[in-house]
Amino acid sequence: MVKFMNIPLVDLKANYNSIKKEIDDAIHEVIDNTSFIMGKYLKNFEDNFAKFAHAKHVIGCSSGTTAVHLALIGAELNKGDEVITVPNTFIATTECISYIGCKIKFVDVDEDTSLIDIDMLEKSINQKTKAIIVVHLYGQMPDMKRIREIADEHGIFVIEDSAQAHAAEWDSNQPGYYGDIASYSFFPAKNLGCFGDGGAIVTNNDEIAEKMRLLVNHGRTEKYEHKIEGYNYRLDALQAAILNAKLPHLNKWTDQRRKHAKYYDNNLPENIELPIEKEHAKHVYYMYEIRVKKRNELMQYLKENGVNTGIHYPIPLHLQPAYEKLEHKKGDFPISEKLADEILSIPIYPELSKEQLDYIIENIKVFYNK
Ligand SMILES: Cc1ncc(COP(=O)(O)O)c(C=O)c1O
């Protein structure tokens, strides 16, 4: 066995160091200009991200959570309407459904991809279903073409929670193409992350875009003229400038993640279930999620040997104390529950070296041969 290495699950420092000067310059420029709120740094990023995502409109906002909240407001739902989503996501997805007084309706996921089971989605739609939040978990999109067709048939609004899916594709289209709105998070550990909280809305709908622009900034049309009541959900200029410095590197970082994933696919031992990239999908591996037996023991063994891992997510939302009110029980969403017991995220960040990847693989092999 090679000598001990300490490998984090995500290495923000390595990422910063790889483009330190570009980021430092961008930060200093904003400070020199004391242009902290709205203004050209935000506009530049919104324009560049729109170009990147092949979308008509990008509206920066303060986090991935506020992005989902804004998207749901954009859906113009009524109190008590049902919004379908999955139980194996971060709670931000469902919190926002509650913010607007709607009802969370869970649909279980496909065992191969951990993404929404589209057959079950179709069967779950009823008169009260008014929106779907499709979560592009770990960086992969489900068959968005089919979801769009189903939604159109029933007049349902589609939101793509793309917090984990920057640069992901279905049939060469990024989030925001099939959905009415895609929401993004730029939390530091995301594939495109800023140095604090940040998010964005992507849409090709002019009317929705105009409404989102009002909502993020107190409903302002002029400095002290307010067409509607809104929020202070702005993306600040420092974060926008950092994101703008990082954006030109996103394709390269995505390629590196995909290359690491291939390397794991080809070299991890056979008793491990690997993530499946579906035909038509471009998986961007926010997380490389394996499924294993003796998960907690493996996690502990890897930690002792310097390899940090994570579980995304250990308790499905329907079993969270926060959702006792929904009166679900164990067994209601068996695939999500099974996944929660078996999944393990291993490091996949772009700056990983071949030596680090080999070290991780070797340690996993040694654990199972013990
Ligand atoms: C699927 C999903 N949705 C929404 C969010 C919320 O994003 P933020 O932390 O930027 O508010 C996250 C963040 O982890 C997420 O993973």
Side-chain angles (χ1 to χ4, degrees), residues 9-10 12 45 49 58-75 83-100 104 106-107 109 113-116 131-142 144 158-168 174-176 179 181-202 212 216 231-236 238-240 242-243 246 257 283-289 310-318 320 322-323 336 339-340 343 345 348-349:
L9 179 60
V10 178
L12 296 181
F45 172 65
F49 195 53
V58 168
I59 299 103
C61 63
S62 53
S63 71
T65 308
T66 56
V68 177
H69 187 197
L70 289 164
L72 280 163
I73 297 170
V83 180
I84 290 180
T85 195
V86 290
N88 64 337
T89 178
F90 183 60
I91 193 168
T93 313
T94 48
E95 279 173 332
C96 296
I97 301 173
S98 304
Y99 293 172
I100 59 159
I104 301 162
F106 290 121
V107 165
V109 294
T113 58
S114 310
L115 304 174
I116 194 158
I132 309 167
I133 307 181
V134 183
V135 181
H136 300 328
L137 199 74
Y138 309 140
Q140 181 164 222
M141 296 166 69
M144 285 305 302
V158 179
I159 296 167
E160 297 178 72
D161 183 341
S162 316
Q164 306 187 2
H166 316 75
Q174 290 185 45
I181 296 182
S183 61
Y184 282 90
S185 164
F186 302 125
F187 184 82
K190 299 294 192 235
N191 289 21
L192 180 65
C194 56
F195 286 8
D197 280 310
I201 287 290
V202 169
M212 297 291 117
V216 288
Y231 300 85
N232 179 354
Y233 275 2
R234 297 174 300 238
L235 175 64
D236 74 61
L238 268 172
Q239 302 303 346
I242 291 164
L243 290 164
K246 286 181 138 193
R257 285 175 186 273
H283 196 323
V284 296
Y285 297 99
Y286 167 62
M287 288 294 157
Y288 187 90
E289 206 67 19
I311 302 170
H312 301 89
Y313 298 95
I315 308 173
L317 292 178
H318 67 286
Q320 291 281 358
Y323 290 125
S336 295
L339 292 173
I343 49 175
S345 310
I348 186 88
Y349 57 87

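All ligand and atom numbering here is 1-based and tracks the order in the structure. For clarity, every value in this text was computed on a predicted model and none was experimentally measured.
- Summarising the geometry, atom CZ belonging to Arg234 is positioned 12.0 Å from atom OG1 belonging to Thr66; distances are rounded to the nearest 0.5 Å.
- Contact between His136 and ligand 1 is absent, with no heavy atom of the residue lying under 4.0 Å from the ligand.
- Remark: minimum distance from atom 13 (C) of ligand 1 to any protein heavy atom is reached at Lys190 NZ, 3.2 Å.
- By the 3.5 Å distance cut-off applied to N or O atoms, Gly64 is counted among the residues near ligand 1.
- In this structure, the ring of Phe45 has its center less than 6.0 angstrom from the ring center of Phe186.
- The shortest side-chain heavy-atom distance between Asp197 and Ser62 does not fall under the 4.5 Å cut-off.
- At a 4.0 Å heavy-atom cut-off, ligand 1 does not touch Tyr138 at all.
- For atom 3 (N) of ligand 1, the nearest non-hydrogen atom of the protein is Asp161 OD2, 2.7 Å.
- Of the inter-residue distances, the one linking Ile100 atom CD1 with Leu70 atom CG reads 11.0 Å to the nearest 0.5 angstrom.
- His166 has its ring centre less than 6.0 Å from the ring centre of Tyr184.
- An N or O contact shorter than 3.5 Å links Gln164 to ligand 1 by distance.
- Looking only at heavy atoms of the protein, atom 15 (C) of ligand 1 is closest to Ala163 CB, 3.5 Å.
- Residues Val86 and Phe106 are not in side-chain contact: their nearest non-hydrogen atoms beyond the backbone lie 4.5 Å or more apart.
- At a 4.0 Å cut-off, not a single heavy atom of Tyr184 sits close enough to ligand 1 to count as contact.
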